[in-house]
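Below you'll find the structure, written out as C-alpha cells, and then a few comments.
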2 protein chains.
Amino acid sequence: MSQTDTKTRILDAAEHLFASDGFHSTSLRAITSQAQANLAAVNYHFGSKGALLQAVFERRLLPLNQIRRELLEQALSNARQQNTAPRTVDLLRAFIEPTLAFRQSEPGARDFITLVGRALVEPDPTVRDCFTALVTPLFQQLMAALRLALPQIPPGILQTRLQFTLGAMGHTMCMIGRPPLQFPDAPQPPSSAELVELLIRFVSSGLEAPC
Amino acid sequence: MSQTDTKTRILDAAEHLFASDGFHSTSLRAITSQAQANLAAVNYHFGSKGALLQAVFERRLLPLNQIRRELLEQALSNARQQNTAPRTVDLLRAFIEPTLAFRQSEPGARDFITLVGRALVEPDPTVRDCFTALVTPLFQQLMAALRLALPQIPPGILQTRLQFTLGAMGHTMCMIGRPPLQFPDAPQPPSSAELVELLIRFVSSGLEAPC
DNA sequence: GTCTATAGATTGATAGAC
DNA sequence: GTCTATCAATCTATAGAC
C-alpha cells in the first residue's frame, strides 16, 4: 500500500495545479502524472474533470465553513448575552481569520486558498457555480449579522460594501507571497497574523464609514 | 469596404469573448466566427493568439492610462499650488472614476473592464504579465502620491492597503451587473456614478485608518 | 483498482492558391 | 488580404484486458 491512497494523491495534485495554472489550463495528464497515478484513475474515482474540481473544493471548504459558521454564531451569541449589537470587527474576524490561518495549516491548503480567491471571478460558470453554491449560505449569514452590527448603514449600501470586502479578501488570498505589482522599495511583507489584522482593519473601516 | 475593418472586428470579438469565457476557453475559431472573418486572419493581422490579447489590452488601456495619469498629476499639482499634501480621495478619484466611467463610454468597453478586473488574478503568467507591464508604472505613481497624502502610515502598511484597494477595485470591475452571490433581498443596484462614490469612500476609509 | 490503447473532438498555426 | 485545406499536437473520456 502506498503512503496515501490514489484518490488523495489525485486531489492533492489537482489542488496544486488548478491553483497554479488554472482549471482549463490543467490537463488530466498533468494531474495524474504528478500524482503518480494512471490517466484513467481520475474518471474512475471522480467521474469527470468537473467532478474532480468539485471534490477539491468540498474537501477543504466544508470543514472551513463549519469553523467560520461556529465562530460567527459565537460572536452573535456573545453580543446577545451582553444585550448589545455585535461588533463589526468580531464578525469579520470570525470570517477572515480562520480562512487566512487555514493557509498555514498544511502544505496543500496554501494552494487551496489561492484557488478559492480566484473562484469568485472565474469566467466559466461551471467552475464558479460549484464554488458559490458552497459559500452562498455562509455569506448570507455574514450579511445578516453585519446588518445587526451596522443598522445605520442602508442595506443596499452595506451589500455593495460587502462586495468590496469580498474583493479585497479574494485578492489577498490569491496574492499572498506572489506580489503582482512590483514597487521600487519592497519592505518586509507582513506575516500571516499581521495580514489578518491589516485586512480586518481595512475592511471594517470601509464598512463602518458614515454614508 | 466593410463598415469596420477586419482587424477591428477581430479585436471587438476577442475582447468580448475573452471577457465572457476567459482567454484559454476562447478559441480562435469562436473569435473569427463572431467577427465574420477567416480563421487565418488572426495570425495574419496579429501573429498569434497571445499577441491578439496584447493588442486587446493596449487598444484601450494606453488611452485610459493616459487619462488617469493626467488626472493624477493634476491632483498633485493642485495640492502643490495650495502648498498642502494631496487628499487621498482626490488621488483615488483620479484613478477610479475614469476607469468605471470608461465602462459606459462604448459597448465593448464594458467587456474590457471585466477583462482587466480579472487580469490581476489571472493564473497564466503570459496573460497576467502582458497586463501588469502596462499598468505597473501608473500604480507606482499612485503609490508615490499616496505616500504624500498619508505620511503617517508606514510605507509597508500603505503598500498592503493599496493591494486591498486593488482587490476591491478589480472585483468591482468584474462583477458589475453580474452579482456572484445572491442575497435574499436584492435592493436596487447602485448606478455607475453611485458605485464610484461608494468605492472611493470604502477604500479611502480603509487607507486612512489609524494604525 | 489499475493499466493500455484509442476513440472522437478540438486546438493553434501555417502553406499556398487566388 | 482573404480564402481552403490541413498538419501536428492536445484534450477528455471510455472500452476492455488483467
Side-chain angles (χ1 to χ4, degrees), chain A residues 1-57 59 115 122-131, chain B residues 1-59 115 119 122-131:
Chain A
M1 220 188 105
S2 54
Q3 206 167 357
T4 54
D5 64 2
T6 302
K7 204 168 169 177
T8 302
R9 290 203 315 277
I10 290 176
L11 280 172
D12 289 340
E15 180 172 70
H16 176 70
L17 291 168
F18 287 162
S20 76
D21 301 338
F23 178 71
H24 283 103
S25 301
T26 301
S27 67
L28 295 182
R29 282 173 177 80
I31 293 168
T32 51
S33 161
Q34 175 166 321
Q36 292 185 290
N38 188 274
L39 172 61
V42 168
N43 281 290
Y44 175 78
H45 286 285
F46 300 95
S48 72
K49 190 184 178 184
L52 170 58
L53 177 67
Q54 172 111 11
V56 167
F57 276 130
R59 177 171 64 151
L115 189 59
E122 166 66 43
D124 184 347
T126 305
V127 176
R128 195 178 56 238
D129 292 352
C130 104
F131 166 73
Chain B
M1 220 185 105
S2 54
Q3 208 168 355
T4 55
D5 64 2
T6 302
K7 203 168 169 176
T8 303
R9 290 203 316 277
I10 290 176
L11 280 172
D12 290 340
E15 181 172 69
H16 176 70
L17 291 169
F18 286 162
S20 77
D21 301 338
F23 178 72
H24 282 103
S25 301
T26 301
S27 67
L28 294 183
R29 281 168 180 82
I31 293 169
T32 51
S33 162
Q34 175 164 320
Q36 294 184 288
N38 188 275
L39 172 61
V42 169
N43 281 288
Y44 175 78
H45 285 286
F46 300 96
S48 73
K49 190 184 178 184
L52 170 59
L53 177 67
Q54 172 111 11
V56 167
F57 275 130
E58 285 180 354
R59 176 172 65 151
L115 190 59
E122 166 67 43
D124 184 346
T126 304
V127 178
R128 195 177 56 239
D129 292 352
C130 104
F131 166 74

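Protein chains get the first letters and strands the later ones, always in sequence-line order, with residue 1 at the start of each.
In this structure, A:K7 is not positioned above the aromatic face of A:Y44 in the sense of NZ or CZ being under 6.0 Å from the six-membered ring centre and within 45° of the axis.
A heavy-atom distance below 4.5 Å is not found between the side chains of A:F131 and A:L115. For the pair B:T126 and B:L53, the minimum side-chain heavy-atom distance is 4.5 Å or more.
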**Nucleic acid footprint by protein, nucleotides 11-18 of chain C - heavy-atom cut-off 4.0 Å, B for base, S for sugar-phosphate alone** = BBBB----

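Atom NE2 of A:H45 and atom C1' of D:dT14 are 16 Å apart (whole Å). Put simply, CD1 on B:I10 is 10 Å from P on D:dC3, counting in whole angstrom units. Counting to the nearest Å, the P atom of D:dG1 and the CZ atom of B:R9 are 13 Å from each other.
Taking the side chain to side chain donor-acceptor pair (under 3.5 Å) definition, one finds that A:S48 meets it with nothing, sequence neighbours left out.
Between B:T6 and D:dT2, a side-chain N or O to OP1/OP2 separation shorter than 4.0 Å is present. Listed pair B:N38 / D:dT4 meets the phosphate criterion, a side-chain N or O lying under 4.0 Å from OP1 or OP2.
Within the structure, every pair that satisfies the side chain to side chain donor-acceptor pair (under 3.5 Å) test and touches residues 22-38 of chain B, not counting sequence neighbours, is listed here: A:H24-B:S25, A:S25-B:H24, B:H24-B:D124.
The two residues B:F46 and B:A51 have their closest heavy-atom pair at O-CB, 3.2 Å.
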